[in-house]
Amino acid sequence: MSNSEAPKSSGARRTRGAQTAGPQAQEHLLRAADELFYREGVRAVGVDAVVERAGVNKMSLYRQFSSKDELVMAYLDSKDEQFFHYVEKSFAKHPGEPARQLQQYIDDLAVRASVDDYRGCPFVNVSVEFPDTAHPARQFVFGNKTRLMARLTELTTAAGADDPEALANALGLIIEGVYAASQTYGPGCGPILAAPKVASQLIAAACGTTPAP
């Protein structure tokens, strides 16, 4: 989350001022915002840097987005779509097996968070940058996390957990812990590598299944 979370390759910087318009300019701007906001932070990156990376002029940016705030919200929309793509891709590996779907997601997250240049969860990063909980960006983050928790609860219920909400909350804590550990201890650190085993034990205890090896 989604995203999601994994960075897109930056590719070659386009020539500043290249003639692009309409949907093409919007695509370039969103790609540039994705790269810069995720890597360097939303507040640290100005519109001039986004324009330069996108290879368009500033007029093109303001034709597509009325303000930087609107660009930030478009960035979050894109990350949200990417995030849930990752989530559902993990779940799809074990159709009809909710306990294994939950485990697979934690397994895949641990792998993703072990990549050397992993920058953590974009939604966590944005929430840190905007202390005002009423800000639209913070509200968006809350919505993303709420939807993830609802999806986890749906699967813990289907898996027959004795307390589906408690198991979903515990898995949510592991997920957030992986995000934080990737930035404090570093990608591929011990706490991240421990996450799948801890999740397995929790799922097994709650659902009466055998822990994954």
Side-chain angles (χ1 to χ4, degrees), residues 1-8 38-39 41 76 79-130 133 138 140-213:
M1 180 142 68
S2 101
N3 189 25
S4 288
E5 304 158 322
K8 299 177 182 178
Y38 184 73
R39 283 278 153 223
L76 290 173
K79 282 298 187 188
D80 185 73
E81 182 179 353
Q82 186 183 55
F83 174 79
F84 281 103
H85 170 75
Y86 282 127
V87 171
E88 295 301 331
K89 185 177 179 181
S90 289
F91 293 161
K93 292 177 181 178
H94 303 288
E97 301 180 80
R100 291 190 68 190
Q101 289 176 313
L102 291 165
Q103 182 66 51
Q104 187 67 55
Y105 176 61
I106 303 296
D107 291 349
D108 289 346
L109 176 60
V111 171
R112 212 158 53 244
S114 296
V115 176
D116 286 342
D117 62 351
Y118 184 66
R119 188 65 181 85
C121 173
F123 305 104
V124 172
N125 297 345
V126 165
S127 70
V128 172
E129 293 193 81
F130 292 90
T133 57
R138 282 292 298 274
F140 193 102
V141 170
F142 178 73
N144 170 272
K145 299 296 182 179
T146 299
R147 290 193 300 277
L148 175 62
M149 192 57 61
R151 191 69 175 98
L152 293 176
T153 304
E154 180 182 329
L155 289 178
T156 58
T157 300
D162 50 11
D163 188 337
E165 186 175 354
L167 178 57
N169 284 332
L171 294 176
L173 180 61
I174 291 174
I175 291 165
E176 296 300 313
V178 168
Y179 294 145
S182 73
Q183 302 307 297
T184 52
Y185 293 95
C189 63
I192 289 176
L193 299 180
K197 185 173 182 180
V198 174
S200 174
Q201 293 168 342
L202 288 171
I203 294 168
C207 303
T209 59
T210 303

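Side chains of Gln82 and Tyr86 form a contact here, defined as non-hydrogen atoms less than 4.5 Å apart. Looking at heavy atoms from C-beta onward, Pro187 lies out of side-chain contact with Val115 at the 4.5 angstrom threshold. The shortest side-chain heavy-atom distance between Arg112 and Val178 does not fall under the 4.5 Å cut-off.
One distance of note links CG of Asn144 with CE of Met149; it measures 11.0 Å at 0.5 Å rounding. Expressed to the nearest 0.5 Å, how far CG of Leu152 lies from CD of Gln101 amounts to 11.0 Å. Note that SG of Cys121 and CG of Leu148 are 9.0 Å apart. Values are rounded to the nearest 0.5 Å. In this structure, Phe130 CZ and Arg138 CZ are separated by 10.0 Å, a value rounded to the nearest 0.5 Å.
With sequence neighbours excluded, no residue forms a ring-ring contact (aromatic ring centres under 6.0 Å, His included) with Phe140. Under the rule for a side-chain contact (heavy atoms from CB on, under 4.5 Å), the partners of Tyr185 that lie at least two apart in sequence or sit in another chain are Ala181, Cys189, Pro191. Listed by chain and residue number, Ile174, Leu202 satisfy the side-chain contact (heavy atoms from CB on, under 4.5 Å) test with Val198 (two or more places apart in sequence, or in another chain). Listed by chain and residue number, Ser90, Lys93, Gln104 satisfy the side chain to side chain donor-acceptor pair (under 3.5 Å) test with Asp108 (two or more places apart in sequence, or in another chain).
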Using residues 157-164 as the side-chain source, report each donor-acceptor pair under 3.5 Å to any protein atom, sequence neighbours left out, with the distance given to one decimal.
from: Thr157; atom 1: OG1; to: Thr153; atom 2: O; distance (Å): 2.8
from: Asp163; atom 1: OD1; to: Ala166; atom 2: N; distance (Å): 3.2

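Among all heavy-atom pairs drawn from Leu167 and Cys207, the shortest one is CD2-SG, 4.0 Å. Nearest heavy-atom pair, Arg100 versus His94, reported as atom, atom and distance to 0.1 Å: NH2-CE1, 2.8 Å. Between Leu193 and Ser114 the shortest heavy-atom distance is CD2-OG, 4.2 Å.
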- Start with the C-alpha distance between Ile175 and Tyr105, add both sets of side-chain angles, then the distance that settles side-chain contact (heavy atoms from CB on, under 4.5 Å), and finish with yes or no. CA-CA 9 Å; Ile175 291 165; Tyr105 176 61; 3.5 Å; yes
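Within the structure, salt bridge (charged side-chain N to carboxylate O under 4.0 Å, His left out) contacts touching residues 147-159 (residues at least two apart or in different chains) are Asp80-Arg147, Glu88-Arg151, Arg151-Glu154. Listed by first then second residue, pairs satisfying side-chain hydrogen bond (donor to acceptor under 3.5 Å, both in side chains) with a partner in residues 164-177 read Lys145-Glu176, not counting sequence neighbours.
Residue Pro98 forms a side-chain contact (heavy atoms from CB on, under 4.5 Å) with just one option from Leu155, Ile203, Thr156, and that option is Leu155.
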